Every structure is written in structure tokens, then in C-alpha cells.
Amino acid sequence: MDIHALRAFEDNYIWLLREGRRIVAVDPGEAAPVLRYIEEQSVDLAAILLTHHHGDHCGGVAGLLQHQPVHVYGPAHEAVAGVSIAVGEGDIVELPGLPASFRVIDVPGHTRGHVAYYGQGALFCGDTLFGCGCGRLFEGTAQQMWASLSKLAALPPDTLVYCAHEYTLSNIRFALAVEPGNAALEARAASVAALRAADRPSVPFQLAVELETNPFLRCSVEAVAGAASRRSDRPLSSGVEVFAALREWKNVFR
Ligand code: ZN
Ligand code: FE
């Protein structure tokens, strides 16, 4: 099975899983790039996977269903138009005609019902974990997002993370402000800058690299906790407090 990136809007990725002439689209915020791919490659759409209800992730569903009626898997705990199979924690998604199955992980925080799909060594996590960052808390609490990220961080370190936005470079600027002495982060800054200068995606990336460089997964590291505490000008005694302080800091970081 191959995985292709389609660009959508400013900085979204629509991920296509492909086996032979069948594809599955993950978070098609627009139909047009997927329809173009289907036409150019003469492939069939077999299913759609959705992580959450935001328009830049599911806005293309109606247009794709018009082209080809397929099953749409989406989060059980939020309302998304077009979803035919509602999924939640622990469900296994077997994709029709693809040698792939995915385990559903509930990851509330960015939205209340956000889900991620994990299988074949790949994680599709929408707007929960980003390269060197994480999604904003639009509906959930810091506690929820912290718990969700902790679940993702516990997956095998060689997991390839397919998030839905190309935010890595700007996230790295923030990460460097939090943890300036992190050599792995400096190395990542250089490699991602080179990729982006060549107009290549920084996604997917390995979870192991995230664990070494993403401040939101490093709340128990002394340098990160110390920076968050200095910034918020109070002692922070738990991982979730550090996480909440980092998230607030990032919201106003320019
Ligand atoms: Zn979103
Ligand atoms: Fe998004």
C-alpha cells in the first residue's frame, strides 16, 4: 500500500492510501484535488476516513460522494455530514479492497470528538499532533489534549505520523524558543528548512523524532518545564500544567 499527499487550501494535506487501482482519502477538505487524482490515475475511491468535523477536513465529502458513493468513517462523538460508519476508541476499520486495517484512537482536545487512525505503522491524526506542535484547543480542555497526546506518544517510536497540516517550520520556531539548547531540534530545524525550501512536505515524520523535538510531548523534560514555568511566572507541578502553559504561550507566539 502506498500513501500519497495531496495539497489542499493553504497548508492542508489530504492523504490518499492506494493499493493498485483503489484509493482511500483521509480528511478530504476539498473534493477537487481528489477528483483530479482519480481522473488522472484512473483509480476508484473505496472509502473516506475523517478525523474531525472542521470544514478543511471534511468539506470535500459531499462532492466525492456525488462522484462515487462509498462508506465514510468518522468520529462517533461529533456530527459530521456524510458519515455512514461512526467510529470510536478501539474500533477496527477494515478498508474495502485494501490490505490495511486501522485502530481508532479517541483524541479529544482540538475538537470534542476528534479521532485518529493507527495501522500499518502509520498514524493519521488530523489536527491533534503536528510536526513539532499540536492542534489548538477549540473545544476540548488542556487535560483532554494532554491525555490524547500521551496516548499517541505511547505508540511505537517508528510510527510514521501523517498529520493534516504543513505547520512544522513555524512550530519549530516556537520549539526553539522553548528549548534553545536541544541539539535534535536544531538538526530538525535545518532539515525541515531544506525540505520546505525545495517545496517538499515535512510530513510524514517519525514519532521518535517528535519525542526528541516536540515541546508538547516533552513536558516532563526539565528544560521544557522550566521554560514554561518562567514564561507563566509560577511553579508548574505536573505535566498537564506544563502542557497548558505551553499551549497558551504558543497561542500568542509570533
Ligand atoms: Zn481542525
Ligand atoms: Fe485543520
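In listed order, ligands and their atoms are each counted from 1. The first residue in the sequence is number 1, and the count goes up from there. Everything quoted here is computed from the prediction, not taken from an experiment.
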Cut-off 3.5 Å, side chains only: do [X] and [Y] have a donor facing an acceptor?
X: H52; Y: D27; value: no
X: R18; Y: Q41; value: yes
X: S232; Y: E248; value: no
X: T159; Y: Q206; value: no
X: T128; Y: H110; value: no
X: N251; Y: R247; value: yes

Heavy-atom side-chain proximity of L49 to V24 below 4.5 angstrom
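The answer is yes; the side chains approach within 4.5 Å.
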
Would you say the side chain of P108 lies within less than 4.5 Å of the side chain of H114, judging by non-hydrogen atoms?
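They are not in side-chain contact.
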
Sort by chain and number the protein N/O/S atoms that are closer than 2.8 Å to the Zn ion (ligand 1), and list them.
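Listed by chain and number, the nearby protein N, O or S atoms are H52 NE2, H54 ND1, H110 NE2, D127 OD2.
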
Could you tell me which non-hydrogen atom of F205 sits nearest to which non-hydrogen atom of C163, and how far apart they are?
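Taking F205 first and C163 second, the nearest heavy atoms are CE2-SG, 3.8 Å.
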
Which N, O or S atoms belonging to the protein are less than 2.8 Å from the Fe ion (ligand 2)?
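For the Fe ion (ligand 2), the protein N, O and S atoms that sit under 2.8 Å away are D56 OD2, H57 NE2, D127 OD2, H165 NE2.
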
